[in-house]
Amino acid sequence: MTKLTIVAFDGTRFDLEVEPGSTVMENAVRNSVPGIEAECGGACACATCHVYVDEAWTEKVGPPAPMEEDMLDFAFEVKPTSRLSCQIKIKPDLDGLVVNVPERQA
């Protein structure tokens with residue numbers, strides 16, 4: 001199991017133990033994290049699972065792929081650390097990952 005922390009916009013922390021191979025979005029939905037709508041179900045076809053990766057983790061998580069970058073154009077208040085949570089796959093080297101949910105989704 002890998003540790004993942006998702007911080008909702010209101011500051012509520014969801015400290016989760018998650019399976020490698022799952023995505024941040026799947027775990028957010030499974031744990032009813034507010035603000036992660038995931039309308040497309042993880043197909044990288046919307047921007048309703050937008051999160052901000054904690055700056056300490058941005059290099060390890062890596063940059064968005066071109067298709068994800070295109071979808072981020074539709075996200076609310078995109079920042080340099082913005083990612084779609086459906087595109088962040090949990091791996092052992094992401095143990096302790098922290099992401100923050102924006103105020104609203106697109």
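Just the heavy atoms: all of them, side chains too, but no hydrogens, waters or symmetry mates, feed the values below.
- For the atom pair CG of L16 and CE of M1, the computed distance is 9.0 Å after rounding to the nearest 0.5 Å.
- When all heavy atoms of P92 and P20 are compared, the pair lying nearest together is CD-CB, 4.4 Å.
- Between Q87 and T23 the shortest side-chain heavy-atom distance does not fall below 4.5 Å.
- Using a 4.5 Å heavy-atom threshold, the side chains of L84 and L72 count as touching.
- Here the closest non-hydrogen pair linking K89 and L94 is O-CD1, 3.5 Å.
- Side-chain contact check for P64 versus R83: some heavy-atom pair is nearer than 4.5 Å.
- Interatomic distance, T2 OG1 to D95 CG, rounded to the nearest 0.5 Å: 5.5 Å.
- Applying the salt bridge (charged side-chain N to carboxylate O under 4.0 Å, His left out) test to E17 and every residue at least two apart in sequence or in another chain returns K3.
- Between A43 and C40, the shortest heavy-atom distance links the atoms N-SG, 3.3 Å.
- Residues passing the side chain to side chain donor-acceptor pair (under 3.5 Å) test with D73, sequence neighbours excluded: none.
- Of all the heavy atoms in C86 and G42, the pair that sits closest is CB-CA, 3.6 Å.
- In this structure, CG in L4 is found 12.5 Å from CD in E19, a value given to the nearest 0.5 Å.
- Remark: E26 engages no residue in a salt bridge (charged side-chain N to carboxylate O under 4.0 Å, His left out) (not counting sequence neighbours).
- Side-chain contact between V61 and L97: present, with at least one pair of heavy atoms (C-beta onward) separated by less than 4.5 Å.
- Applying the 6.0 Å contact sphere to CZ of R30 captures more than 12 heavy atoms from other residues, nucleotides or ligands.
- Side-chain atoms of C46 and M71, non-hydrogen and from C-beta on, never get closer than 4.5 Å to each other.
- Side-chain contact check for T81 versus D54: every heavy-atom pair is 4.5 Å or farther apart.
- No continuous path of hydrophobic side-chain contacts links W57 to V78 [ILVMFWY only; heavy atoms under 4.5 Å].
- In this structure, F14 CZ and N27 CG are separated by 12.5 Å, a value rounded to the nearest 0.5 Å.
- The local environment of CD in E69 is crowded, with over 12 non-hydrogen atoms from other residues, nucleotides or ligands closer than 6.0 Å.
- In this structure, CD1 in I88 is found 10.0 Å from NZ in K91, a value given to the nearest 0.5 Å.
- For N31 (side chain) and V33 (main-chain N/O), no donor-acceptor pair under 3.5 Å exists by modelled atom type.
- Side chains of F76 and E103 form a contact here, defined as non-hydrogen atoms less than 4.5 Å apart.
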- Query: Would V101 and I36 count as a side chain to side chain contact (heavy atoms under 4.5 Å, CB included) if you check the C-alpha gap in whole Å, the side-chain angles of each, and the deciding distance to 0.1 Å?
  - Reply: CA-CA 7 Å; V101 179; I36 300 293; 4.0 Å; yes
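- Contact of the Y52 side chain with the E77 side chain is registered, since non-hydrogen atoms from C-beta on lie closer than 4.5 Å.
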- Item | Chi angles and distances behind the side chain to side chain contact (heavy atoms under 4.5 Å, CB included) call for N100, V51 | CA-CA 6 Å; N100 295 275; V51 294; over 6 Å; no
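- Between the side chains of H50 and S82, at least one donor N or O lies within less than 3.5 Å of an accepting N or O.
- Of the possible donor and acceptor atoms, one in the side chain of Q105 sits under 3.5 Å from a partner among the backbone N and O of G35.
- Rounding to the nearest 0.5 Å gives a distance of 4.0 Å between SG of C44 and CE of M67.
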